[in-house]
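Have a look at the structure below, then the notes.
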Amino acid sequence: MKERQTRSTPIPPAARDEASGPDPSRVFPSAGSDAATPIVDKPADASTTVDATAVGATAVGATAAEVTAVTADPALSTIDGRNAAAWGVMLDDPESALILAVETLEAARLSSYDKGTAESLLNAGWCCIYLSRPEESSEYIRSALEIYGRIDDASGQAKATHALGVLYHKLSRLEWAVDYYSRSIEIARKHGLAARESSSLNKIGEVCKELGNFKEALDYFLRAYEILPDHEENDELAGVLLNIGATFTDMENYPLARDFIEKSLAIAERLGEGILAAQAWSRNSRIDRAVGDYANAELRIRTALDLARKSGDRLLAVECLLDLGSIEFEIDRLDDALAGFMEAIELAERLGAKLQASKGYEALSRIHERKGEFGTALEFYRKHSRYEREISGEDTTRKIKNIQIQYEIERSQREAEIYRLRTIDLREKTDRLEAMNRRITTIAEIGRRITSSLVTSTVIDTLFESLIAHFSIDVFGLALYNQKSDSLRYICYVERGVNIKRPTRKLNHKRSIAAYCVRRNEAVFIHDIDKEYSDYIEGEPVFYLGQKGRTLFYLPLSIENKVIGVMTVQNYEADAYTDDDRKFLAALNPFIAVAIENSLIHDRLEDLNKDLKRDKRALEKASREISHLANHDSLTGLPNRRLLFELLEDACHQAERQRSKIGVMYIDLDDFKPINDRYGHFTGDHALIAVAERFRNLLRASDIVARVGGDEFVAVLRNVKTRADIELVADKIQSEGQKPLAFIDAECRVRLSMGIAVYPDDAQTIEDLVNRADGAMYAIKHGDKNGYAFYSGEAGRPARGDVTP
């Protein structure tokens, strides 16, 4: 491979300083912690985009016969052209690209064109990666790899091996992804394929970045950058530059980050690479937010959003919408932020992007909480919590895989040394690795068990039972940190099998190792308390049953550097736990923290639910009481005038349907005022209550009686056939009114004046019906009283005791 001159776009010295440390000859990265979003995945180079008339002459590994055949046979040139077309639309429309690739595959097989067959298979494999169909993708790519090997096409082998790395990368099988990327690098180096080597180095850098090893990621990205051809400006170069800028952003070196991102953006825009340009604008926006420049941050993220939409990258559009909403929230444009987050959630749920949907619902909850709409905030927080639990389960699996890849990486890095060791040393290391793997399996099982419940007591019991199966534990404790009171509250402290109630401790307590652990957010491992306690506390530690633990391990429980509590395991003997035990508990820490956090969220949700249900019941009860008071007479409990008219309207509709009649009786008590004057208002009220009860007993359950005034009542007889039926009831009421009302020291009679109107004979509307019954009643009232009359319909005068049609 010939020497190349220094690149025209030099690497800043500061970038080289940032990257110093890792050995450039290493193939495998070290494992880290936090994941990061990789730059857009794309088939690594454009070697499949070929000139259909010249493909035979440029195909790497093609035989002379194939070159001649491709040049002479238009059918083979058509296959290459169709492969190039599938490649060109793959990112924007993978479904259509897959259909084209499969059709081209059949044509290539019929033509016995191995090169074209392999390219079609590889195109189909890439399409299935983008469509999240891993099994089909693996089958297509492996078939392509087999053909490339058979025809001795080194470039094709490197591309297919790289594609398998991308497949497993997307499946979060990082150990396999790194293995395939490394194989691709070996093939590329052997055959002088600089672009291929750069592409796979770039992908290993993305793995390091996902695992939180930013300096090692930077090392791989810079190596990928330096070996690219000097004279070419392509999307591969833009992607590497953007990765370098993104890594510097994560390292909070914003000037260098901006420099590389701007270079990537310039190339992407010149090439018309919309997705890369959108990612560059998005990264620049995040830098603006980090330094507090919200105006520029908004302008840049809106540009990124427009590009993402035009390029058809819906997931990138979701991320841009979430970033835009966060900016609007921070500058207090709540309605704009609300609309943006709703749009992001709708799109994320269509895409099945749980993490982005969870972020959106959490943001909506914060917005409604700021607005004081706590019920709506709670509903959105529930949805966020549901997604968090689902993501937590998936994160558990990914964490297990990350632990496994750490051990695999360590094994690979020491491979050369192991081969030089004696047989006995090799066996010891192998045994240790197997022991580590067994512990990984144990950690995974314990993590699965404690995260499977949302009940705090169940989580603690499961954790304690799991730990005592692997450790000799004399004391086990778990305390929660309350940020408001700046104190620790033990929810569990078991010593010699007894759960002891321990007092709450302030975080500034000088004799508490637990408080020391939480204040510094770092684990404390004490081999012998008698020799080491003065390193952590002032004065001797407090022990509750007289016997002190000699070996103590305190572990802060934290999520994203936020401490939520502390766990301790102790033994009465000194040096009871090994460093491997400490590592085991430290590896279990994320699972414990997630399980406790989930259970606390669940408890808070349960409490909020109870409060809401209690408030709801109280509101419903108050509403019922208010509704009753608004529609009923407070003295007699009968419907008032308002409710009477509503019930009478329903009765009229029913009578119209059933072709029946309604009798409306307007009743006034004769000479009721003397009762109040003679016996007092208390007795008068009791007289009204007694009269109301008589009316209830005389009428049917389907009839209505209401109090509409001081001593005025209205009775409504439903489903009546003739006026004679109404007259019969009127006689009963009149007769009942003759009976005296008995009180404590007196007895009185209450006579009735009653006017009657009939629906639909006398009136068609409710108001007319009641008014005419009232008019008939007044005719009796101004005459002899103590009687009833039907409304006659003649000149508005009532006819006493007379039923007129």
Side-chain angles (χ1 to χ4, degrees), residues 27 38 41-50 55 58-63 66 79-80 82-88 90-91 94 97-98 100-102 104-106 108-109 112-171 173-204 206-207 224 235-236 239:
V27 174
D41 283 312
K42 184 175 180 179
D45 63 29
S47 60
T48 52
T49 309
V50 293
V55 65
T58 58
V60 178
T63 65
E66 274 191 302
I79 290 170
D80 288 328
R82 288 165 66 87
N83 275 329
W87 178 277
M90 191 178 295
L91 280 175
L98 178 60
L100 180 56
V102 172
T104 308
L105 173 62
E106 293 303 315
R109 283 174 171 166
S112 300
Y113 180 26
D114 287 342
K115 176 76 173 180
T117 300
E119 297 289 354
S120 300
L121 286 165
L122 185 57
N123 279 347
W126 275 109
C127 291
C128 289
I129 288 175
Y130 298 141
L131 295 170
S132 299
R133 288 150 63 172
E135 293 181 359
E136 294 177 53
S137 177
S138 177
E139 183 177 350
Y140 281 127
I141 297 171
R142 291 181 190 280
S143 297
L145 184 59
E146 189 273 332
I147 296 174
Y148 283 131
R150 191 171 69 242
I151 64 176
D152 197 23
D153 185 342
S155 177
Q157 291 178 69
K159 288 189 297 184
T161 306
H162 178 91
L164 286 173
V166 173
L167 171 62
Y168 287 109
H169 197 161
K170 284 189 173 293
L171 292 173
R173 299 301 302 269
L174 301 184
E175 70 281 17
W176 289 16
V178 170
D179 184 47
Y180 281 110
Y181 291 148
S182 302
R183 293 184 198 178
S184 181
I185 289 171
E186 290 173 3
I187 297 169
R189 284 178 179 169
K190 183 177 179 181
H191 295 86
L193 305 172
R196 293 258 33 88
E197 181 183 354
S198 173
S199 180
S200 294
L201 283 169
N202 184 46
K203 296 304 293 184
I204 291 180
E206 288 183 3
V207 173
D235 58 346
E236 180 69 27

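These values consider heavy atoms only, across backbone and side chains, with no hydrogens, waters or symmetry-generated copies.
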Any chance you could measure [X], atom [atom1], to [Y], atom [atom2], to the nearest 0.5 Å?
| X | Y | atom1 | atom2 | value |
| --- | --- | --- | --- | --- |
| Leu167 | Glu135 | CG | CD | 10.5 Å |
| Ser182 | Ile204 | OG | CD1 | 4.0 Å |
| Arg183 | Ser200 | CZ | OG | 12.5 Å |
| Cys127 | Trp87 | SG | CH2 | 10.0 Å |
| Leu131 | Met90 | CG | CE | 10.0 Å |
| Ile185 | Arg196 | CD1 | CZ | 10.5 Å |

If we ignore hydrogens and angles and just use 3.5 Å, is the side chain of [X] paired with the main-chain N or O of [Y] as donor and acceptor?
| X | Y | result |
| --- | --- | --- |
| Thr104 | Ile79 | no |
| Asn123 | Asn83 | yes |
| Ser138 | Pro134 | no |
| Ser184 | Tyr180 | no |

(message) Which residue in the set Glu175, Lys170, His169 passes side chain to side chain contact (heavy atoms under 4.5 Å, CB included) when paired with Arg173?
(response) Glu175
(message) With side chain to side chain contact (heavy atoms under 4.5 Å, CB included) as the test, pick out the partner of Ile147 among Leu121, Leu122, Asp153.
(response) Leu121
State, with a plain yes or no, whether a side-chain heavy atom of [X] is found less than 4.5 Å away from one of [Y].
| X | Y | answer |
| --- | --- | --- |
| Glu146 | Ser143 | no |
| Glu119 | Lys159 | yes |
| Thr161 | Tyr148 | no |

Closest approach of [X] to [Y] (non-hydrogen atoms, all atoms of both residues):
| X | Y | answer |
| --- | --- | --- |
| Ile129 | Ala163 | CD1-O, 3.8 Å |
| Pro94 | Tyr130 | CB-CB, 4.0 Å |
| Ala160 | Ile141 | O-CG2, 3.4 Å |
| Ala177 | Gly165 | CB-O, 3.3 Å |
| Cys128 | Ser137 | CB-CB, 3.6 Å |
| Leu100 | Ala86 | CD2-N, 3.5 Å |

(request) Determine, using ring centers only, whether Tyr181 and His162 are less than 6.0 Å apart. (result) yes
(message) Please determine whether a side-chain nitrogen of the Lys or Arg among Lys203 and Glu206 lies less than 4.0 Å from a carboxylate oxygen of the Asp or Glu.
(response) yes
(message) If you count heavy atoms of other groups shown closer than 6.0 angstrom to CD of Glu139, is the number above 12?
(response) no
